[in-house]
2 protein chains.
Amino acid sequence: MAATLRDVAEHAQVSVRTVSNVVSGYAHVSDRMRHRVLTAIEELDYRPNPVARTLRTGRTGVLALVVPEIDLPYFAELAREIINAAAEHGYRVMVDQTGHDHERERELLTGADRTMLFDGVLFSPLVTRAELLEMQPSTTMPLVLLGEHEFDGRYDHVAIDNVQAAADAVAHLLARGRTRVAAIGAQPDESYATPQQRTTGYERALRVAGLAVEPALLRPAAHYRRADGYRATTELLALADPPDAIFCYSDLLAMGAIRAVFDAGLRVPEDVAVIGIDDIEEGRYSRPTLSTVSLDTPYIAREAVARIAARIGEPDTPAVEVTAPHTVRARESTGGAR
Amino acid sequence: MAATLRDVAEHAQVSVRTVSNVVSGYAHVSDRMRHRVLTAIEELDYRPNPVARTLRTGRTGVLALVVPEIDLPYFAELAREIINAAAEHGYRVMVDQTGHDHERERELLTGADRTMLFDGVLFSPLVTRAELLEMQPSTTMPLVLLGEHEFDGRYDHVAIDNVQAAADAVAHLLARGRTRVAAIGAQPDESYATPQQRTTGYERALRVAGLAVEPALLRPAAHYRRADGYRATTELLALADPPDAIFCYSDLLAMGAIRAVFDAGLRVPEDVAVIGIDDIEEGRYSRPTLSTVSLDTPYIAREAVARIAARIGEPDTPAVEVTAPHTVRARESTGGAR
DNA sequence: TTGTAAGCGTTATCAG
DNA sequence: CTGATAACGCTTACAA
């Protein structure tokens with residue numbers, strides 16, 4: 001059986017208090033005592049039981065990361081950075097997937113499921129604004145929203161300027177001389193924040209350029225996977241007057257779009273230019289390489305972990321919003337360099 | 001403050017024992033009692049504290065999944081399946097990344113770090129055989145090895161037949177008429193099991209076909225990322241007598257390889273055929289689509305979780321080895337159909 | 001500086 | 001079938 005604090009105390013002929021002190025690195029302990037305890041720990045191969053510690057202190061040292069699906073490259077890359085950043089703050093990370101399931105999302109969000117298991121939650125979901133508004137702000141669990149919601153002052157928030165990012169992407173297409181720019185990624189359900197913001201940016205960029213917004217060029221995508229981009233693009237190309245450029249609301253949609261263009265016997269970027277958003281590694285090796293709006297995932301991850309750590313330490317502090325920078329990366333899919 | 005079992009007991013005018021019984025769904029409780037308790041729970045919005053439960057029972061309901069890096073698509077896809085499979089068994093999943101760090105890997109492996117935090121560990125690392133052999137089998141933590149180690153009867157093991165998978169890939173290339181088949185992914189450090197097994201399969205397939213094994217065509221790759229495949233391929237193409245086909249030890253290496261071929265002014269598959277291993281989704285949309293050896297990740301995930309659940313329930317049972325099936329998928333990168 | 005003891009919220013043993 | 005009550009292993013007043 002594993003040795004306990006008590007065993008160590010007995011073995012070292014000291015009180016549990018003293019052992020606890022040296023283990024926690026805390027209070028003042030005389031060198032003699034410390035040495036005695038340390039050798040006892042060594043001899044018994046003692047390891048503190050984190051569960052007991054948690055029950056006592058209320059801290060688990062665990063963060064929950066909630067994402068739609070961990071195998072979406074953007075979220076995988078985000079998870080990687082977050083796990084590393086969390087480790088630097090002494091936290092481990094549990095990954096939960098909502099799988100686009102609203103019920104599951106609400107469950108995770110309202111905390112019905114995570115009592116006492118986590119010190120905080122990093123939430124990067126697809127929640128609708130309605131759901132977010134309905135939420136009980138009474139929730140005692142520190143929560144940081146990741147990505148792309150509207151900041152309403154109730155929750156910490158690490159985001160990008162979605163409207164601007166989308167507008168920048170479209171402006172890039174326009175600057176390359178394209179005139180019929182389609183968009184893929186609008187949600188059938190208008191209540192999601194992210195797609196709506198991106199649509200707003202898309203429409204704004206067109207208007208600024210004096211171009212009309214054609215409803216037929218704005219395509220929905222249920223999820224943000226390659227297959228959805230492929231399907232939507234195929235539909236776009238079948239139009240009587242097809243687009244000469246496509247702005248996809250995610251890089252993964254764009255990868256599907258590119259493949260669809262070639263399968264239709266056309267070329268990227270010559271016939272159709274394609275730009276995405278996220279800057280996943282895949283797009284730096286694909287043929288053509290993918291132009292995109294880069295999101296600085298490491299920054300988002302570091303900032304998110306720093307925020308949640310701060311909030312855990314100081315729960316009663318006003319919510320802050322951090323806006324991560326974004327940059328347009330011109331690559332081959334819009335006629336740029338590799 | 002959150003209500004406790006005691007609060008519920010008081011409120012319902014029963015003993016904590018009874019409350020615990022109805023909460024755990026256990027023993028026999030009279031309908032009257034059950035009803036009284038249930039309404040009290042409702043009224044107080046009581047939720048059991050999993051930490052306290054864990055301290056008492058020794059079960060955490062948490063599995064650790066240890067992978068090199070979660071953003072490697074194969075591991076991201078594996079993680080997705082494992083998290084879902086674990087949920088069906090009532091487990092949550094904590095993700096740890098070794099980041100190719102041997103020290104970290106050993107730490108996680110010997111359990112120095114995970115005392116009492118997990119009920120079991122799913123380990124899909126890059127450990128060397130030496131490390132594995134050195135391990136204390138005394139470890140009390142249920143452990144299932146994933147992927148590609150040698151089965152030595154001490155640990156449960158869900159694997160594929162690596163030698164055969166590699167041989168099948170190379171045979172596929174040979175059947176397409178290629179005669180100079182290179183391989184990318186051998187490890188500089190010969191002690192890793194996976195690369196070595198794949199190299200064995202590669203050499204065996206060549207010999208069976210009566211071809212010589214040329215050391216110059218066997219390239220190392222430190223990690224299994226796109227950049228490594230790109231670099232190795234560039235070197236191969238600079239050879240006086242370059243290969244007409246490349247077998248990559250991972251799909252990600254293959255994506256880098258394909259890009260390198262085109263950047264060298266050559267074509268896939270016309271000049272150089274490329275095949276990978278893993279069957280990640282990316283390869284089903286890339287240009288050309290990637291021929292690969294499919295690994296049936298959902299099967300591996302289900303089996304792994306089933307094994308660990310079984311071992312947690314019944315620790316003193318002989319270790320078993322499960323071999324997951326694999327299939328060659330011929331796509332465009334070796335001249336196959338889309 | 002160190003020792004004693006009271007919980008943290010459960011489950012499980014033992015009576016009744 | 002239900003009620004007290006003792007752990008589970010740790011942290012931390014409170015004393016000494």
Side-chain angles (χ1 to χ4, degrees), chain A residues 1-41 44-62 90 111 114-119 140, chain B residues 1-41 44-62 90 111 113-119 140-141:
Chain A
M1 276 295 78
T4 79
L5 209 53
R6 213 191 216 83
D7 300 333
V8 177
E10 256 172 48
H11 194 83
Q13 306 269 43
V14 301
S15 80
V16 290
R17 171 67 210 254
T18 305
V19 179
S20 178
N21 278 344
V22 352
V23 169
S24 313
Y26 228 59
H28 314 267
V29 184
S30 72
D31 285 353
R32 245 189 63 246
M33 284 287 167
R34 158 163 288 117
H35 183 73
R36 239 160 67 194
V37 170
L38 252 25
T39 55
I41 287 178
L44 297 182
D45 190 29
Y46 166 77
R47 315 270 174 67
N49 179 332
V51 175
R53 180 175 283 170
T54 292
L55 182 58
R56 190 55 236 238
T57 63
R59 295 240 177 144
T60 63
V62 177
R114 53 185 153 75
T115 340
M116 296 282 88
L117 258 180
F118 311 119
D119 291 340
T140 176
Chain B
M1 276 294 79
T4 80
L5 209 54
R6 213 191 217 80
D7 300 333
V8 177
E10 254 172 50
H11 193 84
Q13 306 271 40
V14 299
S15 81
V16 290
R17 169 70 212 253
T18 304
V19 179
S20 178
N21 278 344
V22 353
V23 169
S24 313
Y26 227 59
H28 314 267
V29 184
S30 72
D31 286 352
R32 244 188 63 248
M33 283 288 168
R34 156 163 290 118
H35 183 73
R36 240 163 63 196
V37 170
L38 252 25
T39 55
I41 286 178
L44 299 181
D45 190 29
Y46 164 77
R47 314 269 176 68
N49 179 333
V51 176
R53 181 175 284 170
T54 292
L55 180 59
R56 190 53 238 233
T57 61
R59 295 242 176 142
T60 64
V62 177
D113 204 24
R114 55 186 151 75
T115 339
M116 295 283 89
L117 256 180
F118 311 119
D119 290 340
T140 175
M141 176 79 52

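Values below: every heavy atom of this structure, side chains too, minus hydrogens, waters and symmetry copies.
Checked against salt bridge (Lys or Arg N to Asp or Glu O under 4.0 Å), B:Asp31 has no partners two or more places apart in sequence or in another chain.
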All N/O contacts under 3.5 Å from nucleotides 3-5 of chain C to the protein, with atom names and distances to one decimal?
unit_1	atom_1	unit_2	atom_2	d
C:dG3	OP2	A:Ser15	N	2.8
C:dG3	OP2	A:Ser15	OG	2.9
C:dG3	OP2	A:Thr18	OG1	2.7
C:dG3	O6	A:Arg17	NH1	3.0

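Computed from coordinates, the B:Ile41 CD1 to C:dG9 C1' distance equals 14 Å when rounded to whole Å. Distance, A:Asn49 CG to C:dG9 C1': 15 Å, rounded to whole Å. Rounded to whole Å, the distance from CG on B:Asp31 to P on D:dT2 is 10 Å. When rounded to the nearest whole Å, the span between CZ of A:Arg47 and P of D:dG9 equals 15 Å. Rounded to whole Å, atom P of D:dA7 lies 15 Å from atom CG of A:Asp7. A:Arg6 places its CZ atom 13 Å from the C1' atom of D:dT11, with the value rounded to the nearest Å. Spacing between atom CG of A:Leu5 and atom P of C:dG7 amounts to 19 Å, rounded to whole angstrom units. For the pair A:Tyr46 OH and D:dG9 P, the interatomic distance rounds to 10 Å; values are reported in whole Å.
Distances shorter than 4.0 Å separate some side-chain N or O of B:Ser24 from OP1 or OP2 on C:dT11. The phosphate of C:dT2 (OP1 or OP2) has a side-chain N or O of A:Ser30 nearer than 4.0 angstrom.
Under 3.5 Å, the side chain of B:Arg56 and the base of D:dA7 form at least one donor-acceptor pair of N or O atoms.
Looking at every heavy atom in both residues, A:Ala9 comes nearest to A:Ser15 through CB-C, 3.8 Å. Across every non-hydrogen atom of B:Leu55 and A:Val51, the tightest pair is N-CG1, 3.7 Å. When all heavy atoms of A:Leu44 and A:His11 are compared, the closest pair comes out as CD1-CB, 3.8 Å. Shortest non-hydrogen contact noted between B:Val62 and B:Leu117 is CB-O, 3.9 Å. Of all non-hydrogen atoms in A:Arg36 and A:Ala12, the two that sit nearest each other are NE-O, 3.1 Å. Across all non-hydrogen atoms, the minimal contact from B:Val16 to B:Arg6 is CG1-CA, 3.9 Å.
Exactly one of B:Val37, B:Val23, B:Asp7 qualifies for a side chain to side chain contact (heavy atoms under 4.5 Å, CB included) with B:Tyr46. That residue is B:Val23.
When distances are taken from the side chain of A:Leu55 to each of C:dT10, D:dC10, C:dC8, the shortest belongs to C:dC8.
Distance check, rounded to the nearest 0.5 Å: CG of B:Leu5 to CZ of B:Arg53 gives 9.0 Å.
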Let me check I have this right: for DNA chain D, each base becomes ., (, ), [, ] or |, based on Watson-Crick or G-U pairs with both distances under 3.5 Å. What is the full string? ||||||||||||||||
